[in-house]
Amino acid sequence: MKLAQKAVTIHSDTQPDNAKRQNFDFLSISAAVVCAAIAGITLIGWLCHIPYLIQPWMGQATMKANAALCLLLSAVSIICIHLFRRTTNNNWEQTGKLLAALVALIGAATIVEYWTGRNLGIDQLVTIDWGSQKGTYAPGRMGANAAIMFTIFGAGRWLLSPANRQFRRTGFALIVSVAIAACFSLVGYFYGVPHLYKISSFTEMAMSAATAFALIASSMLTAFTNEGPIAALATNTAGAIVARRLLPVAIFLPPIIGFARLHGEQLGFYSSEFGVAIMVLSMMLAMTTLAYWIAHAVDREDITKKYAAALSASEERYRSITDSVNDAIVSADSNNKITFVNTAFTSIFKYAPSEVIGKPLTLLMPSRFQADHNAGIHRFLTTGESRIIGKTVELAGITKEGKEFPLELSVGTWKDAEQSWFTAIIRDISERKNAEEQAKRLQFLSAREDFLAVLMHNLKNPIIGADRVFDALTSKMKGSLTPDLEKIISELQRSNKNVLDMMNELIEVYQYETDPRSIERKKTDVALLVRNSINDARAMADNHGVDVILIKEDNHEDALLAPVGVGRIIKNLLDNAIKFSDNGGCVRVSVRSIGPSIEISVHNYGKTISPEEKDMLFRGFWRGVAGKTLPPGTGLGLYLCRVIVEAHQGSITCTSNDGEGTTFSVVLPST
């Protein structure tokens, strides 16, 4: 692992840095633009007959019009390289190659003219050479050295196109040779050595042309940071750092010192020996200073790299640790902006890291906590006072879907030179809260069970005993009681029975609500169960003058149901249908198959139920709209039906329309 990391580090150091690549691209474009400006100004001078523009240094050679044209085309061909890279439009590259070929062709044709002594008619193709003296040999013709350099540059530019991968080194070698020749010409002008900027008796190269050649050669080389001579300067290695600092000094410092020494001696300030001594001492001082500066820069760069590597390793260890925990870890700055989240954060809050980095921390909390949070951050930053830092508190968070959940929060803080930082460890405690709620519910149910046991023992048994006393009084003292006393005893017996029925229904509701899974299911003949329930309801139906009819009974002998519970549903629905039917009316009952389910329907033609009443039917202890006269009851019958149906994973509905009557339908799965 360490060897792999070291290899990655070395590879990254030897690759061009993006910032340095951009700097070299800027230098390349700038040099090309300056070259184009020099050539363009010279062309304007020739076309507009402005001598100063074609010969800014009086007494020196002029840049010819076709040489200025070739320099302009060369600069544009280099700019085409950058346009091609930015737009990936191949037309730019083809244009650049075409311009380079044209430059090489003009240079080669000029060489042929010098070689053969023939005039091919290209010397004054752009404009007439009005700047040369009469009788000048080949007026308007560029210098032979310039022609050779144009031929070499055009060929090099052509070979450095993307399609010519196998000739890249040759192309770079040609461009470097142009740069060296340009330096020779400039040094020749600098020190007044004509042999360095002209060939024998041929036309010499103008100083402006030599400057332009140096610019286009530099522009071409700096256009390539991944290969060629500049590639070694665009990396982060120690050698590249030394070279970047040494190269400009090596190019510009010796000529300046030599120029100062030469002209001081020519002006008689000192002798030749003293001048040489001064030049040597100056070079020694300059190189010593340069060596110290480079060593300091390399050390600083090395320290920076080591610090960056250590920081990267520390961050990697931190991320590895934070990603291995199950709790969410969130870091934020003093501006309340999220700066870091770990892997567990996504599983808890459902946000991807890219969705929250840079967003306010309040994004993760319900709106009711946001104002207090902002106030707490402000208070801590201004006074250092905090109510939650260093403590573990329970709050609430909100997920990406807007779902609120309970959480446990621990917050820490630290400072650097710029600002304060906060890191929170967040644990989702939904399961713990659910367990606590379940424990409370079980405790409550246990208490309620104890209450019902007391209720059954202390209340139900006396009520049952009272009912037996009333039965004994009415049977043994029948005929001896006055009519008023018989009526009072009958009312007491009826009220006692209602209380007993309500207690029995309460107990049943409790049993089904406490543990619906405890109902005992077994194979049941549903049609037989319905017929038995109808027979049990005959006496009540006769008292109300109502006829009960079974109109359909599909065979369901093996339905897996709780017969006691389903029997209670049928009994309650029949009792209600009979109570709410008119005298002489009819209650119709049906049992039919609906796929894998069974539907039991009870229909009566009595008073219909309003829409607002239907919404309240299946609530406990609901006895109808206030002020409306209703038959006696506990208000628990339909609620108990709903509880039993839901325990079977079934459904119960009511439809009631004027003129059609009311139907209660129960759908239960048969398996």
Side-chain angles (χ1 to χ4, degrees), residues 1-2 5 9 303-437 439:
M1 179 63 73
K2 291 183 178 178
Q5 291 177 349
T9 302
I303 292 172
T304 301
K305 286 182 180 179
K306 289 180 179 179
Y307 176 76
L311 181 61
S312 177
S314 176
E315 290 178 350
E316 188 63 30
R317 286 194 296 270
Y318 174 73
R319 180 170 291 278
S320 176
I321 293 171
T322 57
D323 286 345
S324 65
V325 299
N326 295 325
D327 298 335
I329 298 178
V330 182
S331 293
D333 57 21
S334 56
N335 295 319
N336 203 28
K337 295 295 192 299
I338 298 173
T339 58
F340 170 82
V341 295
N342 67 338
T343 301
F345 170 86
T346 300
S347 62
I348 293 176
F349 285 91
K350 312 305 179 186
Y351 283 103
S354 58
E355 294 177 304
V356 297
I357 297 297
K359 300 293 181 62
L361 195 59
T362 51
L363 177 70
L364 309 178
M365 59 185 68
S367 57
R368 64 181 182 276
F369 296 131
Q370 294 177 5
D372 290 341
H373 168 78
N374 292 332
I377 292 290
H378 177 73
R379 181 174 59 253
F380 177 79
L381 294 176
T382 54
T383 67
E385 178 188 352
S386 174
R387 298 174 182 173
I388 64 171
I389 291 177
K391 302 177 182 178
T392 300
V393 296
E394 291 186 6
L395 294 171
I398 190 164
T399 66
K400 181 179 179 180
E401 294 84 5
K403 180 182 177 182
E404 188 172 317
F405 67 94
L407 58 84
E408 192 174 76
L409 175 70
S410 299
V411 181
T413 182
W414 77 96
K415 289 184 179 181
D416 59 15
E418 298 179 356
Q419 60 179 326
S420 295
W421 299 84
F422 305 91
T423 293
I425 300 176
I426 301 171
R427 175 171 296 176
D428 184 354
I429 56 174
S430 299
E431 293 185 2
R432 192 178 79 190
K433 286 295 183 181
N434 291 337
E436 291 175 356
E437 290 295 328

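The basis for the numbers below is simple: all heavy atoms, side chains too, and nothing from hydrogens, waters or symmetry mates.
Classification of E437 and R432 as a salt-bridged pair fails, no side-chain N sitting under 4.0 Å from a carboxylate O. Salt bridge E355/K400: present, at least one basic N to carboxylate O contact under 4.0 Å.
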- Message: Using the rule given for side-chain hydrogen bond (donor to acceptor under 3.5 Å, both in side chains), can you reason through Q370 versus T362, listing the C-alpha separation, both sets of side-chain angles and the distance that settles it, and then say yes or no?
- Response: CA-CA 6 Å; Q370 294 177 5; T362 51; 4.7 Å; no
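D428 places no side-chain N or O within 3.5 Å of a backbone atom of L407 that could act as its donor or acceptor partner.
The shortest distance between side-chain heavy atoms of I357 and T339 does not fall below 4.5 Å. Residues M365 and H373 meet the side-chain proximity criterion, which asks for heavy atoms closer than 4.5 Å.
F422 pairs by the ring-ring contact (aromatic ring centres under 6.0 Å, His included) definition with F380, not counting sequence neighbours. Every residue meeting the ring-ring contact (aromatic ring centres under 6.0 Å, His included) condition with F405, not counting sequence neighbours, appears here in chain and number order: F349.
Closest heavy-atom contact between V356 and I338: O-CB, 3.5 Å. Nearest heavy-atom pair, I398 versus P366, reported as atom, atom and distance to 0.1 Å: CG2-N, 4.1 Å. Between T423 and S331, the shortest heavy-atom contact is OG1-OG, 2.9 Å. A344 and A328 get closest at one heavy-atom pair: CB-N, 4.1 Å.
Expressed to the nearest 0.5 Å, how far OG1 of T343 lies from CD1 of I348 amounts to 11.0 Å.
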